Peer 1: 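Please read through the structure below; I'll follow up with questions.
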Amino acid sequence: MIAYFVMEIGLDAHMATYSGGLGILAGDTVLSLADLGVPVVAVTLLYRGGYLHQRINPQGEQVEYDVHWDYHRHLRKLDVTVDVPFGDRLQKATCWEYWVRSKGDVRVLFLDADVEGNDPEIRRLNHRLYSGDGIYRLRQEILLGIGGYRMLKALGYNPSVYHMNESHSAFLVVELLKEFGDPQEVRKRCVFTTHTPVPVGHDRFPLNMVKEEFKTYDHMNWEEELEDGHVNLSRLAMKYSGYANAVSFKHMLVSKDIFPERKDLDYITNGVHHVRWIHEEIAELFNYYIPHWDSNPQLLYGVYSIPSHLIYEAHDRIKQQLINFVNRVADASFSSDVLTIGVARRITPYKRNDLILRDVERLIRISEIYDGLQIVFAGKSHPRDEGGKAIIRNIQEKIAYIRRRTNKLKVAFVENYDIDVARLLVAGCDVWLNNPKRPLEACGTSGMKAGMNGVINFSTWDGWWLEGGIEGFNGWGIGPKPTWQDLSPSDDGQDAEDIYNKLLYTIMPLYYLRKDDWIKLMKNSIATIGSYFNTHRMVNEYVSKMYVNMTR
Ligand SMILES: *Cc1c(COP(=O)(O)O)cnc(C)c1O
């Protein structure tokens, strides 16, 4: 049995147990693990208030609310409690279960320390995802790592592999070290996937804080785990894992720079669960023309046997749904015969969500040369990400300005990006724009979702797109294509220039004047992206490179 630990998991839009990319990936992974019958139990935390419900106020600012979701309806409470030490206090944790049913069933455990008798600050750990730092975050991670380890034992599991998916659960090695004494025995059982290419993205806590919370564990010599006075969870996970991987080839090269001690760092490129992300309208065509595409997504190369007009008509029906939705929720007056670009993901400076609005006058001129242009934005900022919030304000200001200036260029912002909004956007837009600053995108997954729906990627050469993108064949790159070893950052001005030029000289003419060639790109996208960048392929790699090697 494999124990899969993750801080967030996105299984259902109505289960507020995720924030974004990492959680959706965990959800897609568990769906594929279940489909492929891999014996896994997943461990995460329950968040009663979710991550955040986003609204934009009249000043164009993000306002955050608790999510009110009916966890009693989705999850079943188990009659089990374990003790979790926080400093010298012993507190209780219980858990809730959710079953992902497929060929193999995967049980997902949601740990919960909001139980009677616990101290108020421990009970609050299950309030919101990523809502605090310092001691609050440290304790959430103790609940996940220590509580999760003990919960598995209490439920009768004896996992042969502990998979730390991102470092939030790294404290489970403390329990393993206690049980086995020998670090080598711990390394035989632990594997680690890193997802963050920036050093500041790795959780770290001051030594004294860690010592205080772990004061009942006398087998730990925290001085050995130090990095300028702090305990870094990624380093802890790296040190005690027998196998570790990054999430794309480029991300492996970037991560080796951050973790020079890990020369054997491998990579397993992310994917998405094709059955969850391919829209029903497209899936219906696949069912007829590509039987078994759902159990074997490699067969998506069969897309070439589908008559072009059927693909285009299916896409058009989804686009109509999207446009009805955007017009309803964002009062946007979009129309279905206008080229529509989607820009949706977490809003934070390195993602440069507003890059295409850098020169609004130029964008307006471009939109007026052909039959118009529509751009739909969505995404949340972390409540303490001031840079991200400034981007949201900028997008709102530009939207207001553009509305006064022209009706050829239409720009809308859809509030509260979540799984359901994403499912419609990644299938209903014509072009999927993703322009993070390289080399900071570990992998990126939304472009994979778009590509397998026949939505054309227009993306920075970074993360997965360096492996999957073929210029002019299944999409377009933004900015100069770096060599594998080149870790230099991209230039905002140069990238914006490239976006405008490709829009005007390549993308808009193809869309408006050569529809047959456009549909070829749609098919090429489905064939090349759908057949490879799925979690079935990814999970098979995890099994063969990671899980099997550990259990041998
Ligand atoms: C896929 C997805 C993400 C991740 O998008 P990236 O472009 O890879 O950052 C975030 N949020 C939601 C709701 C998603 O579906």
Side-chain angles (χ1 to χ4, degrees), residues 6-32 50-54 67 129-130 166 195-198 201 247-248 250-251 269-279 322 341-353 355-356 376-382 385 388 391 414-429 431-438 440-453 455 457-460 462-469 475 478 529 533-535 538:
V6 69
M7 190 75 164
E8 52 167 311
I9 189 162
L11 290 161
D12 182 319
H14 304 289
M15 288 168 57
T17 53
Y18 69 96
S19 90
L22 180 70
I24 307 281
L25 176 73
D28 283 349
T29 303
V30 165
L31 290 170
S32 281
Y51 172 56
L52 65 89
H53 185 91
Q54 179 198 53
V67 185
L129 171 61
Y130 304 138
E166 199 36 290
H195 291 265
T196 317
V198 278
V247 291
S248 72
K250 182 76 179 194
H251 179 228
T269 302
N270 287 159
V272 300
H273 190 260
H274 53 292
V275 180
R276 156 148 83 161
W277 291 106
I278 288 174
H279 193 280
L322 171 69
I341 300 179
V343 191
R345 54 193 48 82
R346 179 161 58 98
I347 299 186
T348 195
Y350 95 83
K351 298 266 196 188
R352 303 188 297 182
N353 309 62
L355 188 63
I356 192 172
V376 52
F377 287 93
K380 297 171 182 172
S381 268
H382 186 278
D385 183 350
I391 294 175
V414 171
E415 290 169 308
N416 203 42
Y417 189 46
D418 68 5
I419 292 177
D420 285 346
V421 175
R423 275 171 46 84
L424 193 53
L425 279 174
V426 298
C429 294
V431 169
W432 196 252
L433 177 66
N434 184 25
N435 46 244
K437 201 175 189 72
R438 68 180 163 77
L440 301 180
E441 188 75 309
C443 181
T445 51
S446 63
M448 303 173 182
K449 302 167 192 168
M452 57 183 70
N453 278 293
V455 173
N457 276 276
F458 185 22
S459 217
T460 315
D462 201 15
W464 80 282
W465 190 235
L466 277 169
E467 295 165 42
I478 296 167
I529 296 168
F533 294 96
N534 57 73
T535 35
M538 184 195 89

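Not measured: the values here are computed from a predicted model. In each ligand, atom 1 is the first atom listed, and ligand 1 is the first ligand listed.
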Peer 1: Does some non-hydrogen atom of W464 fall short of 4.0 Å from ligand 1?
Peer 2: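 Contact check W464 vs ligand 1: negative.
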Peer 1: Find all atoms of ligand 1 within a distance of less than 4.0 Å from any non-hydrogen atom belonging to R345, and give their numbers and elements.
Peer 2: 7 (O), 9 (O)
Peer 1: When you compare ligand 1 with W277, is there at least one nitrogen or oxygen pair between them that comes in under 3.5 angstrom?
Peer 2: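 Not met; the criterion fails.
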Peer 1: At a 4.0 Å threshold, what atoms of ligand 1 neighbour a non-hydrogen atom of K449?
Peer 2: 1 (C), 2 (C), 3 (C), 14 (C), 15 (O)
Peer 1: Does a side chain donor of either T348 or D385 reach within less than 3.5 Å of an acceptor in the other side chain?
Peer 2: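 Indeed, the side chains of T348 and D385 share at least one donor-acceptor pair under 3.5 Å.
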Peer 1: Where is the nearest protein heavy atom to atom 7 (O) of ligand 1: which residue, which atom, and how far?
Peer 2: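 Going by distance alone, atom 7 (O) of ligand 1 is nearest to S446 OG, 2.5 Å.
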Peer 1: Go through E8 and Y130 one step at a time and tell me if the side-chain hydrogen bond (donor to acceptor under 3.5 Å, both in side chains) criterion holds.
Peer 2: CA-CA 9 Å; E8 52 167 311; Y130 304 138; 2.7 Å; yes
Peer 1: For atom 4 (C) of ligand 1, state which one of G23, A344, G27, G21 supplies the nearest heavy atom.
Peer 2: G21
Peer 1: Counting from 1, what ligand 1 atoms have a heavy atom of G444 closer than 4.0 Å?
Peer 2: 8 (O)
Peer 1: So which heavy atom in the protein is nearest atom 11 (N) of ligand 1, and how far is it from that ligand atom?
Peer 2: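 Answer, as residue, atom name and distance: Y417 CE2, 3.4 Å.
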Peer 1: Tell me, please: is R423 in heavy-atom contact with ligand 1, that is, under 4.0 Å?
Peer 2: no
Peer 1: Return a yes/no value for D418: is any of its N or O atoms, backbone included, closer than 3.5 angstrom to an N or O of ligand 1?
Peer 2: no
Peer 1: Check whether the side chains of E441 and T460 place a donor and an acceptor atom closer than 3.5 Å, and report yes or no.
Peer 2: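 On atom types as modelled, these side chains do not qualify, holding no pair under 3.5 Å.
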Peer 1: Under 4.0 angstrom from ligand 1, any heavy atom of N434?
Peer 2: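 The answer is no: ligand 1 sits nowhere under 4.0 Å from a heavy atom of N434.
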Peer 1: With distance as the sole criterion, is a donor-acceptor pair present between the side chains of N434 and W465 under 3.5 Å?
Peer 2: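 There is no such pair between these side chains.
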